[in-house]
Amino acid sequence: MAVTLSQTTATLYAGYTLQLNATDSLGGTITWSTSDGSSMTVVNGLVSCLIGKGNVNITATSSAGGSATCIVTGKQIGRASCRERVCLYV
C-alpha cells in the first residue's frame, strides 16, 4: 500500500476541524477528496465538519497510484458534548 493515513476512523463535531496526515511511500503528490462536500470539506488534509451528520469518506489519493480513506463520523454538538468540551478546557 503506497498511501497511509494518520487515522482511518474519526469522530468530528460540527464546527470543529481535524488534521489528517498522509504519507506516500512512492513519493507521489497527495490530493484530498470528500464523499460529501455539504457535510465536510478537506483542504491539505484539514477536515472541517460543517453540519455534523453521518459518515463521510475522506480520501487521500497519490499521483503515483493508490489511495487511503478515513471514515469520519460527523456529530451535532448536544448538551452532553458541550459539557465535555468545557471540562476539557478547564
Side-chain angles (χ1 to χ4, degrees):
M1 182 181 278
V3 180
T4 57
L5 286 176
S6 53
Q7 291 179 244
T8 56
T9 61
T11 298
L12 193 57
Y13 287 94
Y16 284 80
T17 59
L18 166 70
Q19 181 65 55
L20 293 175
N21 297 302
T23 55
D24 179 7
S25 62
L26 299 177
T29 301
I30 298 291
T31 56
W32 295 89
S33 61
T34 175
S35 63
D36 185 354
S38 65
S39 293
M40 294 184 199
T41 61
V42 60
V43 176
N44 295 326
L46 183 64
V47 181
S48 298
C49 187
L50 304 175
I51 62 171
K53 187 176 173 184
N55 293 333
V56 176
N57 294 333
I58 303 296
T59 303
T61 303
S62 170
S63 61
S67 64
T69 298
C70 178
I71 300 169
V72 182
T73 301
K75 293 192 174 186
Q76 290 290 325
I77 295 178
R79 193 178 286 190
S81 300
C82 289
R83 282 195 304 262
E84 290 170 11
R85 190 176 71 195
V86 170
C87 292
L88 207 81
Y89 292 106
V90 170

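Basis for what follows: all heavy atoms, side chains included, without hydrogens, waters or symmetry-related copies.
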Gly52 and Ala14: which non-hydrogen atoms are nearest, and at how many Å?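 Nearest pair, atom of Gly52 first, then Ala14: N-CB, 3.8 Å.
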Non-hydrogen atoms of Gly74 and Cys49 that approach each other most closely: CA-SG, 4.2 Å
Can you tell me how far the [atom1] atom of [X] sits from the [atom2] atom of [Y], to the nearest 0.5 Å?
X: Leu46; Y: Leu20; atom1: CG; atom2: CG; value: 8.5 Å
X: Leu18; Y: Ser6; atom1: CG; atom2: OG; value: 7.0 Å
X: Asn21; Y: Leu5; atom1: CG; atom2: CG; value: 9.0 Å
X: Ile71; Y: Thr8; atom1: CD1; atom2: OG1; value: 7.5 Å
X: Cys70; Y: Asn57; atom1: SG; atom2: CG; value: 9.0 Å
X: Gln7; Y: Thr9; atom1: CD; atom2: OG1; value: 7.0 Å

Working note: Thr11 + Thr73, criterion side chain to side chain donor-acceptor pair (under 3.5 Å); need CA distance, chi angles, decisive distance, verdict. CA-CA 5 Å; Thr11 298; Thr73 301; 4.8 Å; no
Would you confirm whether Ser62, through its side chain, and Val3, through its main-chain N or O, come within 3.5 Å as a donor-acceptor pair?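 A pair under 3.5 Å: no.
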Counting only N and O atoms by type, is there a donor-acceptor contact under 3.5 Å from the side chain of Thr34 to the main-chain atoms of Met40? yes
Compute whether any side-chain donor of one residue and acceptor of the other, for Thr4 and Thr23, lie under 3.5 angstrom apart. yes
Taking side chain as C-beta onward, heavy atoms only, is Trp32 less than 4.5 Å from Val47?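 No. Closest side-chain heavy atoms not under 4.5 Å.
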Clusters formed by hydrophobic residues whose side-chain heavy atoms approach within less than 4.5 Å: which one holds Leu50, and what are its other members? Ile51
Enumerate the side chain to side chain donor-acceptor pair (under 3.5 Å) contacts for residues 39-50, please, sequence neighbours excluded, ordered by first and then second residue.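 Side chain to side chain donor-acceptor pair (under 3.5 Å) check on residues 39-50 returns Asp36-Ser39.
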